[in-house]
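This report concerns only the one structure given below.
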Amino acid sequence: MTDDVKITNRGWESQDHASEMKSELLELNMGPQHPATHGVLRLLLQTDGEIVYKVTPVVGYLHRCTEKIAEGVDYKQWIVYTDRFDYLAPVTNNHAYVTAVEKLADLAVPERAEHLRIVTAELSRIASHLIALATFGLDMGAWTPLLYCFREREEILNLLERIAGGRMLYNYMVPGGVRYDVPKDNWVADVLEFVTMLENKKLPDYNTLLTYNKIFIERTSDVGIISKETAFDYGCTGPVLRGSGVKFDCRRDDPYSLYDRFDFEIPVGMGEMGTVGDCWDRYIVRVREIEQSCRIIRQALETLPEGPYGTLELKKPVKVPAGAAYSRTEAAKGEMGHYIIADGGAKPFRNKVRSCSFCNLQVVEKVGVGLMVSDLVALVGSLDIVLGEIDR
Amino acid sequence: MEPKAIFDLLVEHLGEGSAEFREHDIEPWACVSAARIADAGTFLRDDPRLEFNQLMCLSGIDWDGLDENGKGKSTAILGYTGDGVPEDSDRIAEGDFGVAYHLYSHTQRHKFTLRVRVKRDVAAVPTVSGVWSTASWHEREAWDLVGIRFADHPDLRRMLLSEDWEGHPLRKDYRMPDQWSGVPLKGQPYSENPFTPDAPAADAPAGDDTPAEG
Amino acid sequence: MEAMYAFFMDTAGMDEMAAHITVAVIMATIMFIVMALCAIIFTWMERKVAGFLQSRYGPMRTGRWHGWAQAVADMLKILGKEDIIPAEADKPYFIFAPLLVLLGSLLAWAAIPWAPGFVAADLDLGLFYIFAVTSLVVLGILMAGWASNNKWALYGAARGAAQMVSYEIPLLLATIPVVLYTGSLNTQDIVIAQQGGVLNWFVFRDPFLFIAFWMYFIASIAETNRGPFDMPETESELVAGYHTEYTGMRFAFFFLAEYANLFLVSMIAVMVFLGGWWSPIPGLDFAPAACFVVKGVLMVFLNMWVRWTLPRVRVDQLMHLCWKVMIPVTLVCVVGAGIWMMASGAVG
Amino acid sequence: MVQYFADIYQAVSSAIQGMGITIKHIYRKPVTLQFPDERQVMPDRFRGFVHNDMTKCDSCNICAKLCPVDCIYIETEGKGKERMMTRYAIDYNKCIWCSLCTENCHTGSITMSHDYDHSVYDRRSLVYEFMDPNEQKIPCHRATRTEMDWWVEPKAEKKPKPKPAADTKPATETPTEAAPAPEAAPPVDEKKPEPPAADPEPTDGEGEDK
């Protein structure tokens with residue numbers, strides 16, 4: 001569908017008619033203030049009626065030049081800035097960054113800390129995926145799943161607030177461990193209870209309400225198909241890549257932390273409702289990842305070891321020797337990479353952030369061509385972008 | 001495949017002298033001459049033994065005074081004053097620009113790192129956006145923030161900053177302009193409201209307008 | 001109505017013309033007030049229904065009990081807003097469009113039989129008249145979208161025009177079986193034909209009418225531009241569709257028209273299929289108008305329930321649904337109802 | 001043709017199932033918290049507005065240095081034993097509630113309170129001054145503090161014990177209460193006689209007040 005559309009002059013062919021009746025492409029500015037662009041994304045469209053002929057994403061409205069700030073603050077201070085990339089799943093961002101610093105500084109992390117990191121990161125991933133479902137449903141015009149998903153996300157925020165202190169931006173991990181241990185007020189039991197509730201009660205509800213709703217399927221299947229090759233070419237990662245049928249997950253295939261100890265599956269898009277790699281596939285991958293995250297959380301909490309939750313240097317500045325390291329982790333929206341070049345000082349020399357949404361969004365330029373305006377909304381929604389990490 | 005083996009294949013293709021291998025504990029890399037980078041990318045992507053079909057990350061770096069291992073001193077890193085505004089300094093950064101390419105193969109499941117260094121006055125590297133489409137935006141970002149020109153890039157516009165922004169912020173000697181499009185960028189402590197001309201100085205105690213508890 | 005004429009002509013001593021005008025003015029005023037009240041009440045109701053469906057409360061603060069005054073406050077606020085007309089807008093059309101939309105639904109209200117004998121305009125072609133004047137709404141929406149000189153508004157208007165023109169066909173076709181049964185387009189006659197309890201309502205007369213009722217219901221949602229068929233607005237795609245550029249009072253007109261239309265189509269459904277003012281149990285018709293309104297409100301609730309549950313369809317699927325599903329089905333209903341009628345001997 | 005009717009059937013049945021889910025919620029109690037009337041109980045670790053107990057603070061400047069956004073302004077005058085703090089202000093325009101300042105405070109004076117709603121009309125009033133320099137300057141040096149009868153951080157070996165002096169006498173003179181801004185500002189925890197245990201062990205699991 002996408003490749004055979006060419007921009008042609010669709011006006012009258014003969015010259016004399018062309019002077020009376022001229023048709024041209026309509027330039028449409030979707031965003032930066034637009035309800036379906038998930039933030040301040042701007043899409044410059046060229047449309048012919050409802051059909052989109054060209055999409056040019058314009059980003060940068062949230063640009064804060066965090067990478068420059070990183071050169072001015074020390075390694076620990078910058079953790080609070082990593083929270084603000086993907087503000088829907090901050091703990092996974094922390095995880096990506098501390099993994100890079102630990103790689104560079106060769107820090108050992110106690111097992112209990114790793115377990116806590118995994119639990120919080122997976123909770124955060126669930127929260128992010130819930131938002132993805134919610135806003136995708138909203139883009140499709142379904143309001144109610146949005147509120148239901150936010151209701152469950154609220155529970156996660158409460159749980160994370162109890163362990164990390166923040167409601168949205170946690171600043172939970174530090175190189176060499178985590179900041180706080182498990183709180184004493186029955187936190188583990190509450191998390192397990194929530195996870196069970198989510199799996200058994202809430203996800204079936206969402207599935208009935210949204211996933212298997214015929215209108216929703218019609219809107220999303222066979223729409224915005226990202227083939228495997230396109231996904232590789234455009235560096236798509238995370239649920240977008242898996243939606244295209246690629247069984248790849250950093251947690252399993254390039255393991256970091258202790259993910260290789262846990263038993264979980266990698267859901268991939270199988271084209272159940274249409275073609276592999278359509279919007280519905282990307283959506284269902286997120287739904288199934290929530291289930292898998294629940295499994296990981298349950299395993300990590302049931303085997304939570306005793307011991308310290310951080311190394312003793314936690315309160316001291318991190319000593320990082322000169323060198324460079326690229327580390328990638330599976331954040332909620334894809335592969336979060338940090339490329340840190342250290343010059344041996346207290347502050348990083350260069351800290352490049354490879355953010356998942358940045359690469360995922362780019363594919364719109366290719367896949368968005370030939371879709372209808374409504375489908376473009378579905379495509380952007382299914383990519384699940386967060387402008388905070390695109391613009392950085 | 002191990003990095004060294006990958007490098008051997010690469011250097012076989014590029015010929016001696018256009019690439020060097022740097023051993024490193026964490027992340028060994030191949031230093032490729034700038035002119036051959038697109039060639040190297042195409043080879044790494046297409047060779048059936050390597051199949052680097054994903055460009056994970058492309059980073060533009062201002063190696064000011066640092067060697068490849070990160071040793072050395074960069075004096076041009078500007079500190080920040082109390083208000084978060086970068087300090088002024090007249091120092092002009094010297095040294096090379098660099099680009100780092102992190103590659104991953106989904107079929108072979110191996111990683112590789114390429115690095116390119118160019119002289120500061122050249123500051124241009126051939127684009128690899130023809131090899132991996134994802135490089136297009138990464139290169140635009142590197143151009144925008146570091147100011148490395150990517151030759152033959154189809155659409156080398158600023159990515160994150162506004163089209164009329166001056167300078168490239170991630171250069172080590174970057175100084176923030178005083179204003180942009182009439183918006184003052186400096187000397188505005190956040191505590192001071194720039195929109196009320198008679199705002200008291202920031203360090204005056206917050207006055208009676210602090211609302212009561214509620 | 002007759003009582004009113006009698007009152008003005010006999011007691012007040014007016015001549016026939018003056019009495020007619022006075023009654024018309026009174027009825028129009030009543031209709032307009034009821035309509036405005038409708039908008040206010042249904043705004044509040046929509047928010048509460050949406051709230052409780054979504055496991056929240058909706059407005060709770062304004063006016064103590066469940067925020068009952070919220071809609072009033074909103075109306076006051078919206079009246080106090082600045083009226084902005086875009087510089088490049090086509091001013092006369094821009095100003096006239098909301099009035100036209102409102103007019104379309106207000107005119108149709110005239111033929112609604114609230115209670116036996118209580119109808120503002122007792123027309124012999126009542127049903128036909130209602131559907132004819134409601135198509136003015138399309139014109140208003142198209143006009144608003146065009147005059148706003150905004151691309152999103154234009155999209156919304158184009159979608160809205162296509163949608164409403166298309167969905168008028170199944171809407172009409174769905175009511176034809178009822179007209180076959182009654183043999184009259186007079187709205188009072190249609191209601192009177194349904195006397196005698198719930199089983200005599202047209203919706204339960206025969207299976208084709210039952211299907212026709214649901215077809216009517218779906219088409220009426222599309223006709224009122226509400227979810228899942230809110231193509232002209234599609235807030236996630238077209239910002240706000242045809243009324244993107246409207247503010248203040250003019251926006252309030254669109255708002256008013258939306259809820260007036262919503263109640264209108266619900267009342268037509270009640271009138272045509274659900275027994276009008278007759279109560280479900282025969283012989284309990286003490287408050288015909290109240291019965292009518294309650295049924296109408298229940299239909300509105302159903303409408304809201306659908307809106308807040310289902311995702312929105314795409315514009316081509318909307319057309320697909322109309323032309324390839326609903327029109328064939330309603331045509332089958334028309335034929336089927338006719339055959340059923342012949343077979344059951346309802347027509348001599 | 002079969003597909004046509006199957007699609008219609010699916011559409012109708014899935015819509016009805018979905019509507020069944022939503023109607024169930026009509027009978028459930030909404031999860032909304034009616035905010036000003038009902039408030040959520042904040043967990044112990046909740047990071048609200050930063051509070052600095054001026055009776056304990058000796059202006060070591062660690063918090064200001066650790067702050068990633070430089071929102072803590074500390075001004076002192078004099079050197080050595082004469083060093084006096086003249087200003088301690090936190091700019092909540094900048095503060096990001098990261099809690100890096102509290103975790104390294106050796107006196108335990110700076111804490112995160114459970115307070116979160118302090119809307120103001122003017123952003124200048126978000127700069128909270130914790131002391132009034134006209135009232136009394138706060139000594140910084142340990143010896144001076146002991147001499148002037150201020151709260152002194154117990155030695156690390158000693159068991160931390162409540163200092164009555166911190167609560168009775170200096171509190172009356174402490175500018176914390178006298179300064180105009182803090183009245184409205186961070187919650188002054190008067191009912192907290194215990195100085196937080198200055199526990200050097202990070203592994204003990206409690207980052208917050210006992």
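The analysis underlying the following values was restricted to heavy atoms, covering all of them including side chains, and did not include hydrogens, waters or symmetry mates. Bear in mind the structure is a predicted one, so any value in this text is a computation, not a measurement.
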Q: Below 4.5 Å from any heavy atom of chain A, which atoms of C:L310 appear? Answer side chain, backbone, both or neither.
A: both

Q. Does C:A39 have any side chain to side chain contact (heavy atoms under 4.5 Å, CB included) partners at least two apart in sequence or in another chain, and if so, which?
A. C:L256, C:Y259

Q | Non-neighbouring partners of C:T62 that pass side chain to side chain donor-acceptor pair (under 3.5 Å), sequence neighbours left out | A | C:Q70

Considering only heavy atoms, which portion of [X] lies under 4.5 Å from any heavy atom of chain C: side chain, backbone, both, or neither?
| X | answer |
| --- | --- |
| A:L210 | side chain |
| A:V223 | side chain |
| A:L26 | side chain |

Polar pairs (donor with acceptor) under 3.5 Å from chain C to chain A:
| unit_1 | atom_1 | unit_2 | atom_2 | d |
| --- | --- | --- | --- | --- |
| C:L53 | O | A:Y148 | OH | 2.4 |
| C:Q54 | NE2 | A:T144 | OG1 | 3.4 |
| C:S55 | OG | A:R151 | NH1 | 3.4 |
| C:K151 | NZ | A:E27 | O | 2.3 |
| C:Y155 | OH | A:T47 | OG1 | 2.8 |
| C:Y155 | OH | A:G49 | O | 2.4 |
| C:R159 | NE | A:E50 | OE2 | 2.6 |
| C:R159 | NH2 | A:E50 | OE1 | 2.8 |
| C:R159 | NH2 | A:E50 | OE2 | 3.2 |
| C:R159 | NH2 | A:S374 | OG | 3.1 |
| C:S236 | OG | A:D139 | O | 2.8 |
| C:E237 | O | A:H34 | NE2 | 2.6 |
| C:E237 | OE1 | A:S374 | OG | 2.9 |
| C:E237 | OE2 | A:R219 | NH2 | 3.3 |
| C:W308 | O | A:T144 | OG1 | 2.1 |
| C:R312 | N | A:M140 | O | 2.6 |
| C:R312 | O | A:R219 | NH1 | 3.1 |
| C:R314 | NH1 | A:D375 | OD1 | 2.8 |
| C:R314 | NH1 | A:D375 | OD2 | 3.3 |
| C:Q317 | NE2 | A:E218 | O | 3.0 |

Q | Largest heavy-atom contact set with chain A, pairs under 4.5 Å, which of C:V315, C:L321, C:V313 | A | C:V313

**Q.** Pairing residues for C:F42 by the ring pair (Phe, Tyr, Trp, His ring centres under 6.0 Å) criterion, not counting sequence neighbours
**A.** C:F263

**Q.** chain C contacts, top residue of A:I215, A:L209, A:L138, A:V373 (heavy-atom pairs, under 4.5 Å)
**A.**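 Option with the greatest count: A:I215.
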
